Amino acid sequence: LRAAMAGFVRELERRAGPALRLEQRARGGVGCVVWDAALVLAKFLETGSCPLARRHVLELGAGTGAVGIMAATLGANVTVTDLEELQELLRVNIEKNKHLVTGSVRAKVLKWGEDVTEFQPPPDYILMADCIYYEESLEPLLKTLKDLTGPDTCVLCCYEQRTMGKNPEIERKYFELLQTDFELEKIPLEKHDEEYRSEDIHIVNIHRKQT
């Protein structure tokens with residue numbers, strides 16, 4: 001089994017200094033490769049549009065940890081979260097890249113829809129790359145976002161627009177539900193990294209509505 005699980009490494013170059021080296025898993029479901037939306041969001045963080053140094057950052061559905069680890073190399077104090085079965089991969093990738101981290105990074109289990117007390121107070125930033133693809137996870141994800149965000153939390157949600165099957169409907173429903181409690185603002189393509197960008201990958205800046 002170990003041999004079958006041995007991953008393949010994806011390099012993600014950085015503007016300043018050596019590339020991140022991210023181990024991926026060839027099998028085991030969705031969380032195990034670096035998706036394009038994660039690359040786009042990680043590289044957007046490097047543009048400096050959102051100052052990350054010494055900020056408290058939480059990544060949801062972190063998968064390989066690419067986005068959160070990139071934030072930690074930019075000085076943020078990061079908690080990358082995903083399900084229990086992805087913790088080992090997250091820890092491997094944190095270990096592989098810890099010499100590049102100028103803030104801090106740790107991995108924790110967070111199951112959407114469940115208690116988030118241990119992640120309080122609200123972080124400055126919540127990062128999400130490609131977290132919208134299962135209809136049954138929309139409600140728990142929204143509950144988690146509501147429970148985690150404070151009035152000043154900035155949520156950066158990056159997703160690839162997919163036209164197959166139920167995807168468009170799920171996306172539409174997600175953004176509709178989100179707008180009950182949150183303000184959404186799309187980050188224009190010209191603000192994305194000049195190389196890591198694509199017409200069908202969107203970054204949305206999400207804030208709690210001021211009551």
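Bear in mind that the values here come from a model prediction, so they are computed numbers and not experimental data.
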For the residue pair D124 and V57, establish whether any side-chain heavy-atom pair is separated by less than 4.5 Å. no
Going by atom types only, do S104 and N77 share a side-chain donor-acceptor pair under 3.5 Å? yes
Within the structure provided, determine whether N205 and L184 are in side-chain contact (heavy-atom separation under 4.5 Å). no
Any sub-3.5 Å donor-acceptor pair from T73's side-chain atoms to L100's backbone N or O? no
Between E59 (side chain only) and G68 (backbone N and O only), is there a donor and an acceptor less than 3.5 Å apart? yes
Hey, what do you get for CD (E171) to OG1 (T163), rounding to the nearest 0.5 Å? 9.5 Å
Side chain to side chain contact (heavy atoms under 4.5 Å, CB included) evaluation trace for C50 with L156: CA-CA 10 Å; C50 301; L156 291 174; 4.0 Å; yes
Contact between K96 and I69 at the side-chain level, heavy atoms closer than 4.5 Å - yes or no? no
Does atom CD (E199) have a neighbourhood of more than 12 heavy atoms from anything else shown, all under 6.0 Å? no
Please examine the side chains of L178 and I206, heavy atoms only from C-beta on, and report whether any two atoms are closer than 4.5 Å. yes
To the nearest 0.5 Å, tell me how far I170 CD1 sits from Y159 OH. 13.5 Å
Ignoring hydrogens and geometry, is there a side-chain-to-backbone donor-acceptor pair from N93 to L90 under 3.5 Å? no
Could you walk me through whether R172 and E176 pass salt bridge (charged side-chain N to carboxylate O under 4.0 Å, His left out), step by step? CA-CA 6 Å; R172 190 185 51 76; E176 213 167 86; 3.0 Å; yes
Exercise: identify the closest heavy-atom pair between T102 and G75: OG1-N, 3.0 Å
For residues Q179 and Y174, is any side-chain donor paired with an opposing acceptor at under 3.5 Å? no
Taking Q87 for its side chain and K108 for its backbone only, find out whether a donor-acceptor pair lies under 3.5 Å. yes
Connected via hydrophobic side-chain network under 4.5 Å: L145 and V78: no
Worked verdict on L110 versus E118 for side chain to side chain contact (heavy atoms under 4.5 Å, CB included): CA-CA 10 Å; L110 193 164; E118 65 167 313; over 6 Å; no
When every non-hydrogen atom of L22 is compared with those of A66, the smallest separation belongs to CD1-CB, 3.6 Å
Checking R208 against F182: charged group under 6.0 Å from the ring centre and within 45 degrees of the axis? yes
Provide the closest heavy-atom pair for P123 versus T153 in the form atom of the first, atom of the second, distance. O-OG1, 2.8 Å
Min side-chain heavy-atom separation F44-S49 under 4.5 Å: yes
Among N167, I201, V40, whose side chain to side chain contact (heavy atoms under 4.5 Å, CB included) with E160 holds? I201
Less than 4.0 angstrom from a charged side-chain N to a carboxylate O is my criterion; do K146 and D181 meet it? yes
Could you see if F175 belongs to whatever hydrophobic cluster contains I203? Use Ile, Leu, Val, Met, Phe, Trp, Tyr and a side-chain cutoff under 4.5 Å. no
Please find the pair of heavy atoms, one from C131 and one from G61, that lie closest to each other, and give the distance. SG-CA, 4.3 Å
Considering all heavy atoms, the nearest G150-P122 contact: N-CB, 3.4 Å
Is it true that H192 and K43 share a donor-acceptor pair across their side chains at a distance under 3.5 Å? no
Hey, does L60 have a side-chain heavy atom less than 4.5 Å from the side chain of L148? yes
Between C158 and H202, is there a side-chain heavy-atom distance shorter than 4.5 Å? no
The reported gap from NZ in K143 to CG in L138 (rounded to nearest 0.5 angstrom) is 15.5 Å
Verify the cluster assignment for L89 and I94: are they in a single hydrophobic cluster under the rule of side-chain heavy atoms below 4.5 Å apart? no
Can you check side chain to side chain contact (heavy atoms under 4.5 Å, CB included) on V109 and D82, steps first, answer last? CA-CA 5 Å; V109 175; D82 212 314; over 6 Å; no
With distance as the sole test, does Q120 use its side chain to make a donor-acceptor pair with the main-chain N or O of D147 at under 3.5 Å? yes
Identified salt bridge (charged side-chain N to carboxylate O under 4.0 Å, His left out) counterpart of R162 within the set D36, D200, D130: D130
For P51, is there any backbone N or O sitting under 3.5 Å from a side-chain donor or acceptor partner on Y125? yes
Looking at K191 and E185, is any side-chain nitrogen of the basic one under 4.0 Å from a carboxylate oxygen of the acidic one? no
According to a 4.5 Å side-chain heavy-atom criterion applied to Ile, Leu, Val, Met, Phe, Trp and Tyr, with indirect links allowed, do F119 and L142 form part of one hydrophobic cluster? yes
Do L45 and I126 belong to the same hydrophobic cluster, where Ile, Leu, Val, Met, Phe, Trp and Tyr are linked whenever their side-chain heavy atoms lie under 4.5 Å apart, directly or via other members? no
Cationic N near anionic O, under 4.0 Å, E11 to R21: yes
Given the rule in the side chain to side chain contact (heavy atoms under 4.5 Å, CB included) test, do T144 and K111 qualify, once you have shown the distances and angles that lead to the verdict? CA-CA 9 Å; T144 292; K111 201 168 175 216; over 6 Å; no
Between E190 and R197 the two heavy atoms that sit nearest each other are O-NH2, 3.5 Å
Does a side-chain N-to-carboxylate-O contact under 4.0 Å join R14 and E46? no
Taking the side chain as every heavy atom from C-beta outward, state whether L127 and L58 have any atom pair closer than 4.5 Å. no
